[in-house]
Amino acid sequence: MSFNRKRRFNQSDDYGYDQNYRNNQGYNGNDGYHSYPYKRGRRELPTGIILAKTLCRDIFTMGDNLVKFTEDLEFMCKPILQNFESDQLFRDSLLDCLYAVTTEQPHKVLHLAGFIQAVNSGSHKIGSLLVEFFHQKLQDLIQKGTNEPASESPESNIGVWDTIKLVLRLLSSLSFIIDHDDLIKIHKQFLNLAIELQSNKDQRSPLGEAIYYNTLISVPYLLVYCAEETKAELKSKIFAELISLAERFNVKSSAAFTITHPYLETTQAAYESKNIAELILPALKADLENDVSYFIDFYEVVLPFLTLKEGKHHIPQLSMPTAEELSKVSLLQNAKGNVDSMWKTARFTFQVYLPQEKFSTTPSPESYFGLLLRDIQVDVIEAIEFNRTEVALQLVNMQSFFKENTFTFEGRSIESLETYINEKAEDEEALSTWKLEDTLFESILSLMYNLPDPSKPLIYYFTTIVDFFNNSMKENAKVGGRAIRFFYSHAHVLDFELRMRYVDWLSVQFSNFGFGWKWIEWESDGISQMNNIHHPRLFVIKSIIAKCLCLTETSVIEGTLPPTFQAFLDISLFTKEQLAVFYKELLDGKISEEEGSSFSFSKESSPFADLVKRWFDYYFAEENQEDIDVIIGDIKQRSSEFSQPSKVLIYVLMQTISMLGDRSFSHVNKVIDASERFLLSAIRGDSESPYTAEVVQTNERYLIDALLKSWNSQPKTAFIVLNYLESRGIISSSSKLLECVNGQYGAEKWTSNCFSVESVYSTLDQLTAGEPEKKECVELNEVLRVVIDDISAISEKLSDSEVAELPDIYEYELENVDKQWRYQSLIGFLRSALRKYSKFVNVEQFKEIVEAKIQKKSTADLIKSWIGQLDQL
Amino acid sequence: MNNSYHPQSLEEFDEIKFNHSTARLDAPSAYLLKKSRRAAEGITNLRNSLKSGTIYIGNLLFTTTEERIYELLSKVGPIERVIMGLDKFAHTPCGFCFVIFKRKEDSLNAVKYLNGTMLDGKHLEIDLDPGFTDDRQFGRGKSGGQAMHDKAAVSSYYPNNGSNYYPSQQQQQQQQQPHDDRGNYSNMDVDVPNAPN
């Protein structure tokens, strides 16, 4: 927003604000300005608040335009110089505002520093108060970080230690008005603390690594507002005192820690992930030595406003805790849902837009600027999580916060960049080929794909991307398209859990843009791999279509698909043949296979048709003609005529309930509520003669299978109703999980169906939710046992080389190719389950199972290597 | 019923804060604030809306199913219940619903993350809600659906956005009933619209 100085301050009185705002009516002198009675029309607010509202609006949008920034600087300083000391409401509001910009919009820190330093030129005293404020904030934050930070603290979005980084960065940027030695000392304090925390050579200190990285990445900010004549001296101090100290920090090697890599442990991974804590020091040294800065030359820009009449400010050293005092929090176990929590495990580089042959569209993730840019973007995305549209705007506007020509122009195509590079004369200095939109899209995706967990709910990243697209559809659609294609082409090496996130993301993305996608590009994979149901690319195609079908009418999706993909609109769990065989066997051959393929207990050919009709009449006839207990009693009686009476009874009950409530799942839920006692009686037996636990579990699994068969063509609804049965206590989580991974549907192909995989994850999520301490989860360990059994069985059917290596992604004819992909998906699930629920795994028992059951050495070694990494999660 | 207009302070919701550099999207909407300001227990309702775990979703297509709402909203967090808004006569969906989350904080996340996004080709209007009570699932319009649809029908029939429309005495009485499109606040004092001059 532009700064209208005439309107705001030109007609100001002695205090610097507009005469029109001087009406003090209604202000009672207390600072409870919020407690004013509401009045129609304009509310009468204290003048300090009115002034702060006007000024803060400009501070929040500061720097969006560099020319305006310098124009406005003087006029923005004026009301501060006139009111800061006299008006407490104004002062408090302004300080809140400055702190908010520092911690929520880190790309504006240099603008903010310029502004504060310009204020200091007008009043050394106010400058001193501002420096003291941020110094005190830093001290308070350290205190907060030493104790366990409250989850609802203002810093909870990015974390206390990340906030410390941003405040330190602001203080570093104030190097024109703060004594250099004092700033260096504070940086040294943080580095010394990090070194002390990491003094144990065997174990990685998450907090130590976070402080080390956060301190180093802010160091170049010391030089931005430094005069040329003192820059060399400051730089040599940085090398002598900070870099040499940082070299004593012992970054723990993360070479063997691979379980959080986004790609599997294979040579076919898209790129080599590197630990950013290992990269920062060499990158910083190279940056300082080469004297390349991507920051705007603020010293020159703000120089006309900078004077040092009364010398520099001195800031005292911070009161730092000892490593021992931080021992309770040094593992960051209480950091949750923020940037701090990402440091619990080693953080790795994440790339989507890999370098082209002759140029790159993003700065190298190993360079200082590459690390800083990603760091700033991640902080913005996490800090302003409460306003996703603003996040998208801030990211897109980030270009104006770096030196001109740091990035190429918005929306430039890859083809245009290629042409430029090819046609450029050899001796001509190359302009930047970096695309800002690539870098920020990569940053959002890095958070969406963060392992072991994303810091915010995934839907936040999905819809932020939607807003990012909405801002500039034409330019950003291509950027998004390149990312979608990148993950698709690497689906076979992408972590199993990330593959599910990818599918979820695309379903939301497509839903917001009319479900349009160039499916034709993937058609050849879809055709060639049609019979290899575990093929990762086929899984992706089928899952996206299945998920989109849950978000709109089938006809809408049908219209977007090529003819060859129309078959994927059928998302049934069981084929007609399977149903025919099943029902014929269930009813002792009393129906033909032909009838069984579309069997329903209400059909005339069904032995239960008359009873089901009576049940329907009970629900839908205007007058209840008979007692429901009598009807259920008759169904029970007739079920006893079959060889598997309990099983038949459960299938009749569940299928009829599904039919009675087939309008929607809430209708089913209502019928379930009404029929709960019959279901429980069928599963658990009567109170006088209850079934054994084993029989109960078998019956629960019959009920689940009956439900899946009833909602065969709408598996999503089936799984929602399953959740309801589970929440009502009619079935146990254990039975649900076992049926998913080892039931009539699940036994062979559950990893090829996104709904069953999703159900397994969500059930385990609920079972392990809210358990901060390490605790065994019986259901999880049961699932792991079944998965190990499956891996063992399938790996026996494969050769050593087929197990050890990924199959060729384009291979579709070889006999074992689908088995190989099934093996890979089971292994992939295992990797993700061990990582995701590491606290709940009975490690000793699991090791024994692996030892006993996995015969293939390469498989056993891989699983054991993951087990060995669990204590680092 | 008291039809007098008593706008009141919404205490912490009227507070002017500078501790964020941009507005929070999980705040009550202008609609909710306006309604609360006029209701006897407005501030209580408003506070409840932050911790009820319930949201109101409007602007749904009439053919949007519970399953679709479940599929999208369950990405925010586990859902306790979806209550479709129904035409009070036909008992068919009429363009709104309530979603109750198992975890209370997820209702705030739903407003933050999903308000304005699309489902079935329509931009969702998601707002916080003080909590679902029976009968609120029915449309309050004269036609049985949402009152806003009645107004839209009037606007499209009468030119000039319906501003030439003078409601009959009976219709004026109906308009004075304490209701809104969300079937909210039975004890609410309403700002009675007068016939145009």
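Letters A, B, ... are given to chains in the order of the sequence lines, protein chains preceding strands, and every chain is numbered from 1.
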Any chance you could measure A:Ser511, atom OG, to B:Leu72, atom CG, to the nearest 0.5 Å? 6.5 Å

CG (B:Asp106) and CD1 (A:Ile459) are apart, to the nearest 0.5 Å, by 11.5 Å

Closest non-hydrogen atoms of A:Thr717 and B:Glu67, given as atom of the first, atom of the second and distance, are OG1-CG, 3.3 Å

Return yes if some donor-acceptor pair links the side-chain N/O of A:Glu390 with the main-chain N/O of B:Ala23 below 3.5 Å, else return no. no

Do any of residues 116-123 of chain B have a heavy atom less than 4.5 Å from a heavy atom of chain A, and if so, which, in residue order? B:Gly116, B:Thr117, B:Met118, B:Leu119, B:Asp120

With a 4.5 Å cut-off on side-chain heavy atoms, are A:Phe386 and B:Thr22 touching? yes

Can you say whether A:Glu385 sits under 4.5 Å from chain B via the side chain, the backbone, both, or neither, judging by heavy atoms? both

Heavy-atom pairs under 4.5 Å with chain A - which of B:Met84, B:Lys102, B:Lys112, B:Arg68 has more of them than the others? B:Arg68

With chain B as the partner, which of A:Ser664, A:Ser507, A:Gly514 has the greatest number of non-hydrogen pairs under 4.5 Å? A:Ser664

Checking A:Ala383 against chain B: side chain, backbone, both or neither under 4.5 Å from a heavy atom? neither

With a 4.0 Å cut-off on N to O distance, would you call B:Lys17 and A:Asp96 a salt bridge? no

Which atoms of A:Glu553 approach chain B - backbone, side chain, both or neither, heavy atom under 4.5 Å: both

Distance, nearest 0.5 Å, that separates CG of B:Asn19 from CG of A:Asp92: 12.0 Å

When heavy-atom pairs shorter than 4.5 Å are enumerated against chain B, which of A:Ile720, A:Val466, A:Val556, A:Asp765 gives the highest number? A:Ile720

Is it the side chain or the backbone of A:Asn470 that comes within 4.5 Å of chain B heavy atoms, both, or neither? neither

Can you tell me which portion of B:Thr64 sits under 4.5 Å from chain A's heavy atoms? Options are side chain, backbone, both or neither. neither

Do B:Lys75 and A:Leu458 have side chains that get closer than 4.5 Å, going by heavy atoms? no

How far does CG of B:Leu25 sit from CZ of A:Arg388, to the nearest 0.5 angstrom? 6.5 Å

Residue A:Cys56 versus chain B: region with a heavy atom under 4.5 Å: side chain

Rounded to the nearest 0.5 Å, what separation is found between the CG atom of B:Leu114 and the CZ atom of A:Phe462? 10.5 Å

Testing the basics here: between B:Ser21 and A:Ala100, what is the closest heavy-atom pair and its distance to 0.1 Å? N-CB, 3.8 Å

So which of A:Thr464, A:Thr463, A:Leu94 has the biggest tally of heavy-atom pairs under 4.5 Å with chain B? A:Thr463

Quick one: sort the B:Tyr70 and A:Phe665 rings into parallel, tilted or perpendicular, breaks at 30° and 60°. perpendicular

Please determine, among A:Val101, A:Asn512, A:Asn723, the option with the most heavy-atom pairs under 4.5 Å with chain B. A:Asn512

Roughly how far apart are A:Asp467 CG and B:Tyr113 OH, rounded to 0.5 Å? 13.0 Å

So, B:Glu71 and A:Lys716, do they make that salt bridge, N to O below 4.0 Å? yes

Under the salt bridge (Lys or Arg N to Asp or Glu O under 4.0 Å) definition, can you give me all pairs with a residue in residues 50-65 of chain B, not counting sequence neighbours? none

Can you check side-chain contact (heavy atoms from CB on, under 4.5 Å) on B:Arg24 and A:Asn387, steps first, answer last? CA-CA 6 Å; B:Arg24 291 191 71 93; A:Asn387 189 332; over 6 Å; no

Below 4.5 Å from any heavy atom of chain A, which atoms of B:Ile69 appear? Answer side chain, backbone, both or neither. neither

